There are 2 protein chains.
Amino acid sequence: MAGSGSNGGSAGRPRSEEAHQAILDATVELLAEVGFSALTVEGVAQRAGVGKATIYRRWPSKLPLVVEAFGGLPRLEEVDMGDVASDLKAMLRSYLQIFNTTPLATILPSLAGERAHNDALSELFDPVLKGRRRPLTVALERGVERGELPAGLDLELAADLVVGPIAVKLFFTGGKLSPRMVGPMVDMALAGLAKS
Amino acid sequence: MAGSGSNGGSAGRPRSEEAHQAILDATVELLAEVGFSALTVEGVAQRAGVGKATIYRRWPSKLPLVVEAFGGLPRLEEVDMGDVASDLKAMLRSYLQIFNTTPLATILPSLAGERAHNDALSELFDPVLKGRRRPLTVALERGVERGELPAGLDLELAADLVVGPIAVKLFFTGGKLSPRMVGPMVDMALAGLAKS
DNA sequence: ACATTACGATACTATACGTTCCGTTATTGA
DNA sequence: TCAATAACGGAACGTATAGTATCGTAATGT
């Protein structure tokens with residue numbers, strides 16, 4: 001039932017890797033249930049079946065704890081199938097799959113909402129969020145290289161346009177994020193609304 | 001220094017309309033500064049220069065107070081200039097203007113983030129948020145009638161696509177929401193990313 | 001004038017946070 | 001095998017702040 005990490009040679013009971021993971025799992029669960037600001041170390045300890053001291057021994061406060069817990073959630077995976085439309089669809093489809101099988105769909109709005117008025121969180125998360133967008137702009141850039149997309153394309157704006165509908169549904173209409181919506185979504189972003 | 005409302009004929013000191021507005025203003029300010037969950041009635045009372053009892057006399061809890069305060073913020077205004085592109089651009093430009101001159105840009109993410117794990121708030125706000133989208137779908141529908149947009153267009157998805165980039169910037173990249181970005185944004189949504 | 005109601009301020013009570021301490025347990029090294 | 005060491009879960013501590021109740025004062029209508 002105990003941990004198995006090597007203490008680097010020093011004596012004493014080693015830190016339990018089980019407890020570590022249980023704490024991170026409990027943090028993710030509670031983030032989804034009550035959100036960032038209502039999350040307390042005491043609640044995490046109870047959920048994880050762990051003493052509060054065990055948490056404070058590893059993280060000085062809830063902010064870095066939340067950051068590490070969030071970092072354990074899955075992210076967008078790069079795909080290269082030969083054309084932009086297929087790449088974007090495949091990437092977003094598997095991403096929406098993640099939304100339906102992990103608490104990410106609840107945690108993301110909570111942290112994004114907190115970011116707006118919590119500078120410390122903002123500074124920690126902005127780079128993380130920026131990194132999570134990368135696979136998207138990479139796919140678009142590849143589309144430009146292939147000649148599928150125009151040369152002068154604003155990649156940032158294009159990325160925002162592609163995932164925009166997901167963000168709107170996620171934050172506002174709060175509706176079902178089915179992978180089936182990806183097809184029409186990407187097609188519309190690529191072709192535009194206007195009559196051709 | 002006193003209020004001026006008519007008490008409906010009943011005797012006694014009338015409720016101060018000044019205090020009422022000061023409370024709503026303070027609520028908006030604090031929503032922007034600390035967010036929904038960290039907002040306290042005590043904090044609102046202090047900011048408004050008002051006793052706590054004065055607040056509890058009017059609102060049973062902070063939720064309806066927040067709802068009413070949010071309801072006082074400006075919304076999207078309908079515009080009809082003759083073509084979809086102009087309508088959308090004018091509407092979104094003035095909306096972004098609002099984002100830069102009111103705390104809306106901070107409050108919206110905070111409430112949207114809370115909505116994800118606060119069912120009571122969700123039930124109250126989902127209709128409000130849906131109503132705020134209306135002018136957008138109306139403008140798009142008019143575009144279909146005019147023949148500028150295809151007949152079978154999915155209006156909801158189209159609306160999500162148009163405002164998507166704003167939502168993404170608002171929640172994630174948190175960057176400058178200049179009215180100047182509206183032109184390229186709407187053009188890209190209408191024409192699509194792909195080479196024509 | 002007098003009754004009535006709202007006002008700002010403050011005292012009160014209960015809850016719940018973060019922190020620290022404690023006896024126990026697991027591991028290392030002699 | 002047995003001390004030394006460090007992490008463990010649980011519990012106790014002090015503090016802060018929520019919401020409520022109460023106070024004397026101010027502003028109305030009769």
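A, B, ... follow the sequence lines: proteins, then strands. Residue 1 opens every chain. Predicted model, so just to flag it, every value in this text is computed and none were measured.
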I want to check one thing: is the phosphate of [N], taken as OP1 and OP2, less than 4.0 Å away from some side-chain N or O of [X]?
| X | N | result |
| --- | --- | --- |
| A:T54 | D:dG9 | yes |
| B:R15 | C:dA6 | yes |
| B:Y56 | D:dG19 | yes |

Item to check | B:A53 or A:A48, whichever maps to the more 5' nucleotide of DNA chain D | outcome: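 Whichever sits nearer the 5' end wins; that is A:A48.
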Atom [atom1] of [X] and atom [atom2] of [N]: how far apart are they, to the nearest Å?
| X | N | atom1 | atom2 | answer |
| --- | --- | --- | --- | --- |
| A:R47 | D:dG9 | CZ | C1' | 18 Å |
| A:W59 | D:dA7 | CH2 | P | 14 Å |
| A:Q46 | C:dA16 | CD | P | 10 Å |
| B:L30 | D:dA18 | CG | P | 11 Å |
| A:E42 | D:dA16 | CD | C1' | 14 Å |
| B:R57 | D:dA21 | CZ | P | 13 Å |
| B:E18 | D:dA27 | CD | P | 12 Å |
| A:I55 | C:dT19 | CD1 | P | 12 Å |

Checklist entry - Quick one: does B:W59's side chain get under 4.5 Å of B:L24's, heavy atoms only? => result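 Result yes, sub-4.5 Å side-chain heavy-atom pair found.
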Next on the checklist: Are the side chains of B:L157 and A:M188 in contact, using a 4.5 Å heavy-atom criterion?
Outcome noted: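 Yes, side chains in contact.
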Checklist entry - Are B:V138 and B:L153 connected in the hydrophobic side-chain network, where two residues link if heavy atoms are under 4.5 Å apart? => result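 No: no chain of side-chain contacts under 4.5 Å links B:V138 to B:L153.
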State whether the side chain of [X] and the backbone N or O of [Y] hold a donor-acceptor pair below 3.5 Å, judged by distance alone.
| X | Y | result |
| --- | --- | --- |
| B:R134 | B:K130 | no |
| B:D160 | A:V168 | no |
| A:E148 | A:V84 | yes |
| A:N100 | A:L177 | yes |
| A:S110 | A:F36 | yes |

Checklist entry - Which nucleotide in the list D:dG9, C:dT27, C:dA26 gets nearest to the side chain of A:R13? => result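 The listed nucleotide nearest to A:R13's side chain is C:dA26.
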Item to check | Donor/acceptor link under 3.5 angstrom from B:K52 side chain onto base of C:dG8 | outcome: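 No such pair is found, so the answer is no.
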Checklist entry - Is B:D80 paired with B:R146 through a side-chain N to carboxylate O contact shorter than 4.0 Å? => result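 Yes, B:R146 and B:D80 are salt-bridged.
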Next on the checklist: Among residues 32-41 of chain A, which ones have heavy-atom contacts with DNA chain C below 4.0 Å?
Outcome noted: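 Contacts with DNA chain C under 4.0 Å: A:T40, A:V41.
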Pick out the pairs of N or O atoms, protein on one side and nucleotides 13-15 of chain C on the other, that lie under 3.5 Å.
none

